[in-house]
Structures are given as structure tokens and as C-alpha cells.
Amino acid sequence: MESKPNIQDVANLANVSIATVSRVINNQGGVRKVTEERILKAIEELGYIRSAAARTMKLKETNTIGVIVPDIKNPFFPLVMAGIEQKAREKEYFTILSSTNESPKIEEEIVKNFIERGVDGVIITTANENGDHLKLLEEQGIPVVAVDRSIKKLEVDTVLVDNKKGAYQAVQQLILQGHEKISIICGPLNTTPGLERYLGYQQALADYKIDQDDRYVIQGDFGEQSGYQCTEKLFGLDEKPTAIFSSNNMMTIGCMKALEDLNWRLGSEVSFIGFDDVDIATFLNPKLSVVARPMNSIGEIAFLLLYERISLKGNLPKREYSLAPELKIRQSCRLVNQTF
């Protein structure tokens, strides 16, 4: 079998030392332009690919970051990931994506694996905002950026959306359309988005002097099945809500399936607004009103914050970005008793 070209082969063909080749491939400067061009030509001619392992040993860097999400099936995270990868490619970084399925135990295993792999940094939407298990990263000097959920026990950069404002705007819209029997399908209240969206719901009711009816506050888990089950519970009430606010896109999908199965007519018998835009939002009839987040921008900002941490290697103040959501009114929320 023909052996792969190595750095010595490049040096021989370019008639320079290994050290000079190393300076060029690691962008260290100090090499004359004509010599650099000769080395680059030799690299191309030989098809030489520098060893990532050798670079890691020399620079103590892998140009790799880890990304940890709680549910890869949630359409929110692939779109955030697209933003991360776009900026990562610009900086010649690679990404490793892992999903925890909302399990803190799995998350801890992933963290340990990332440490073993020598990742330069981690972007995470944690399954456990307490953050004790993430101290392993801090101890190893690996910077962390939190997305969508805060980490209570670590001083890390965080990228969020104004969840409370988004939920408030959604419920306010329903109130202005004459609804008072407004239900919320909540996410877990021990998470940043779950709690803040519930607080936005509460605040809107309070500001418009509507008493909260606890029958209409249904606890979900951000999963599709829970959205379905929560909708079934609401349908079973003697006095059904006239409007539903769903706290995330996976529960929205479950809610839509339940409405169809129950023959509970969306937009006429019950109005609806969901948190996060989903692919089905504009394909359903009526089209879904949603609180949309700038998902791609979330990923881009998260990577750039992490990149600064990796590059500067110094003490930076803790930074927190809170991006504005956008309420998109379509056909699924209507005036009380308004029909098609």
C-alpha cells in the first residue's frame, strides 16, 4: 500500500526544512512569500493533509467544539446548529453534536466524552440547569456557552430569547381578540423557557384583570406526546378554553394532532398561538400563529462568544444576550366566536 505523504515529503519537494513547512501550515508567519508559495504548491502536488493529532499535541487545540442539545428531534435545535456551523466553518472549526434526550445522566456522560476528545469549547442547552456536573468543564479550563437555558452554578456566557415578552405578546393578542378562557400548555417550570413563558402568561392575564383559572394551566414536558395529552385534558373539561397558548414547538405538534383527532376545530372553536415557528405552521389550514425566535442568529452568537473565549484565553466578563422574539399572526387565532 502506498504510504500517505508526510511533512518530510513536503519539505523535500519544496527544498526547505520541516520547521519552515510547519510555520506555513500553522500560519505562524516569518516565511518569505516565494518560499511559502513553493511549500503550498508542494502540499497541493503531494495531496498532503496535516495531522490533526500532531497539531493538537503542538498547540493543545483541536479546532473542535462540542454541542449538546436536549432533543435533536425538536426543529429549534437543527436551525440553531446551522447558525453555529456557519460561523464555525468561517473560523475553520468542526462541531460534534450530541443529544441528551433531556437526561442529566446522559449529559454528564457526553461531557466526559467531550473532555476526553479534547474539545476546545462547548455550547449547551442543558438538561439540568443546576449545573453541578458541568463543573468538570470548568475544571479542565474548557469554556462553555449556554443556549436557551441558564446554568445556575457556572459563570458562563448565555444566549436566550426574551421568553416572558414573547409569551406575554401571544396571550395579549388572544385577550385583545376577546378571549378570557385562555389555556397554557406549559413546559417544565424548572427550566428557563418553561418558567419564563408561564410568567409571561400570568402577567398578561393580570394586566388585563383576568383571573387565572388553574384548570387551564396544563403541565407538559416540551415533548410531542405531552402536547397531545395536555390537549386531551383541556378537551375533557366541562368548560373548555376558547384559546390555547403552547409553550414550545414539539408540544404544538402534539396539540395539532390531538385537535384533529378530537375534531376540535382550530381557529373556530379554539384559537391557538404556539411558541416557535414550525414547518407545519404555514401548511395547516388555518395557518398557525406563532412566537418566532431568530434561531440562526442564536447559533451564530453562541459560537462567536465561544470563539472569543477560546481565542483570548483570558478573563472576560460574563455576557448574556437576550434576543427579541417576533409574534406572527396568522389564521389560527381569531375573535371569540368568529368562524371561517
Side-chain angles (χ1 to χ4, degrees), residues 1-68 80-98 111-124 136-145 147 156-157 159 296-319 321:
M1 186 191 309
E2 186 177 348
S3 62
K4 295 180 180 179
N6 56 39
I7 194 170
Q8 182 66 67
D9 296 327
V10 175
N12 291 342
L13 183 59
N15 196 27
V16 296
S17 68
I18 290 177
T20 303
V21 175
S22 179
R23 294 190 70 83
V24 170
I25 63 177
N26 289 305
N27 298 313
Q28 294 174 324
V31 179
R32 288 190 306 163
K33 185 69 176 176
V34 64
T35 305
E36 180 180 348
E37 289 175 353
R38 195 164 70 244
I39 292 170
L40 292 175
K41 183 179 179 182
I43 288 172
E44 182 178 359
E45 185 176 329
L46 291 169
Y48 169 72
I49 301 174
R50 62 176 171 167
S51 168
R55 185 180 189 278
T56 298
M57 292 175 63
K58 183 176 182 62
L59 301 178
K60 306 300 183 185
E61 294 176 357
T62 62
N63 272 39
T64 302
I65 64 165
V67 181
I68 303 174
V80 171
M81 190 68 190
I84 292 171
E85 290 199 313
Q86 180 179 337
K87 291 300 178 184
R89 282 194 296 271
E90 290 176 9
K91 301 295 184 182
E92 297 185 344
Y93 271 75
F94 294 93
T95 57
I96 305 173
L97 174 64
S98 289
V111 166
K112 290 177 180 176
N113 182 267
F114 279 176
I115 292 171
E116 290 173 359
R117 289 174 179 270
V119 298
D120 297 334
V122 171
I123 296 172
I124 183 170
L136 293 169
L137 295 166
E138 185 178 59
E139 291 167 2
Q140 296 294 321
I142 299 173
V144 176
V145 172
V147 167
V156 301
D157 297 330
V159 185
N296 204 262
S297 295
I298 291 171
E300 291 179 353
I301 292 170
F303 176 80
L304 292 174
L305 290 173
L306 187 65
Y307 180 73
E308 285 183 6
R309 292 279 177 191
I310 295 169
S311 302
L312 298 178
K313 300 185 187 304
N315 293 323
L316 291 170
K318 178 181 176 180
R319 296 164 294 178
Y321 281 74

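The figures that follow rest on heavy atoms only: side chains count, while hydrogens, waters and symmetry mates do not. Position 1 is the first residue of the sequence; numbering continues from there.
- Rounded to the nearest 0.5 Å, atoms CG (Leu316) and CZ (Arg309) are 4.5 Å apart.
- In this structure, the separation between CD1 on Ile301 and CD1 on Ile123 is 11.5 Å, given to the nearest 0.5 Å.
- A donor-acceptor pair is defined here as one N or O able to donate and one able to accept, closer than 3.5 Å; such a pair exists between the side chain of Asp120 and the backbone of Asn63.
- Of the inter-residue distances, the one linking Leu136 atom CG with Lys112 atom NZ reads 6.5 Å to the nearest 0.5 angstrom.
- Within 6.0 Å of CG on Asn113 lie more than 12 heavy atoms contributed by other residues, nucleotides or ligands.
- Two residues are said to be in side-chain contact when any heavy atoms from C-beta on lie closer than 4.5 Å; Ile84 and Glu300 fail this criterion.
- Of the possible polar contacts, one joining the Ser311 side chain to the Tyr307 backbone as a donor-acceptor pair under 3.5 Å is found.
- For Lys33, the NZ atom is loosely surrounded, since the number of other residues' heavy atoms within 6.0 Å does not exceed 12.
- Side-chain contact between Ile68 and Phe114: present, with at least one pair of heavy atoms (C-beta onward) separated by less than 4.5 Å.
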Test log, rule salt bridge (Lys or Arg N to Asp or Glu O under 4.0 Å), inputs Glu36 and Arg23: CA-CA 9 Å; Glu36 180 180 348; Arg23 294 190 70 83; over 6 Å; no
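- Residues Val119 and Ile65 form no side-chain contact, since every pair of their non-hydrogen atoms from C-beta on lies 4.5 Å or further apart.
- Note that the CG atom of Leu40 and the CD atom of Glu44 stand 9.0 Å from one another [nearest 0.5 Å].
- Between Thr62 and Arg117 the shortest side-chain heavy-atom distance does not fall below 4.5 Å.
- Here the closest non-hydrogen pair linking Asp9 and Pro5 is OD2-CA, 3.3 Å.
- Using modelled atom types, one side-chain atom of Arg38 and one backbone atom of Ala14 make a donor-acceptor pair closer than 3.5 Å.
- Pro143 places a side-chain heavy atom less than 4.5 Å from the side chain of Leu306.
- Here the CD1 atom belonging to Ile310 is positioned 9.5 Å from the CD1 atom belonging to Ile142, to the nearest 0.5 angstrom.
- Between Val111 and Val122 the shortest side-chain heavy-atom distance does not fall below 4.5 Å.
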Let me see the working for Phe94 and Arg89 under side chain to side chain contact (heavy atoms under 4.5 Å, CB included), right down to the final yes or no. CA-CA 7 Å; Phe94 294 93; Arg89 282 194 296 271; over 6 Å; no
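- A heavy-atom distance below 4.5 Å is not found between the side chains of Thr95 and Thr64.
- Screening Val159, Val156, Val67 against Val145 for a side-chain contact (heavy atoms from CB on, under 4.5 Å) leaves a single residue, Val159.
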Please determine whether side chain to side chain contact (heavy atoms under 4.5 Å, CB included) holds for the pair Val16 and Ile39, giving the CA-CA distance in whole Å, both sets of side-chain angles, and the decisive distance to 0.1 Å. CA-CA 8 Å; Val16 296; Ile39 292 170; 4.0 Å; yes
Between Val80 and Asn296, is the side chain to side chain contact (heavy atoms under 4.5 Å, CB included) condition met? List the steps. CA-CA 5 Å; Val80 171; Asn296 204 262; over 6 Å; no
Please lay out, stage by stage, how Lys87 and Glu90 fare under the test salt bridge (Lys or Arg N to Asp or Glu O under 4.0 Å). CA-CA 5 Å; Lys87 291 300 178 184; Glu90 290 176 9; 3.6 Å; yes
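- Asp157 places a side-chain N or O within 3.5 Å of a backbone atom of Arg319 that can act as its donor or acceptor partner.
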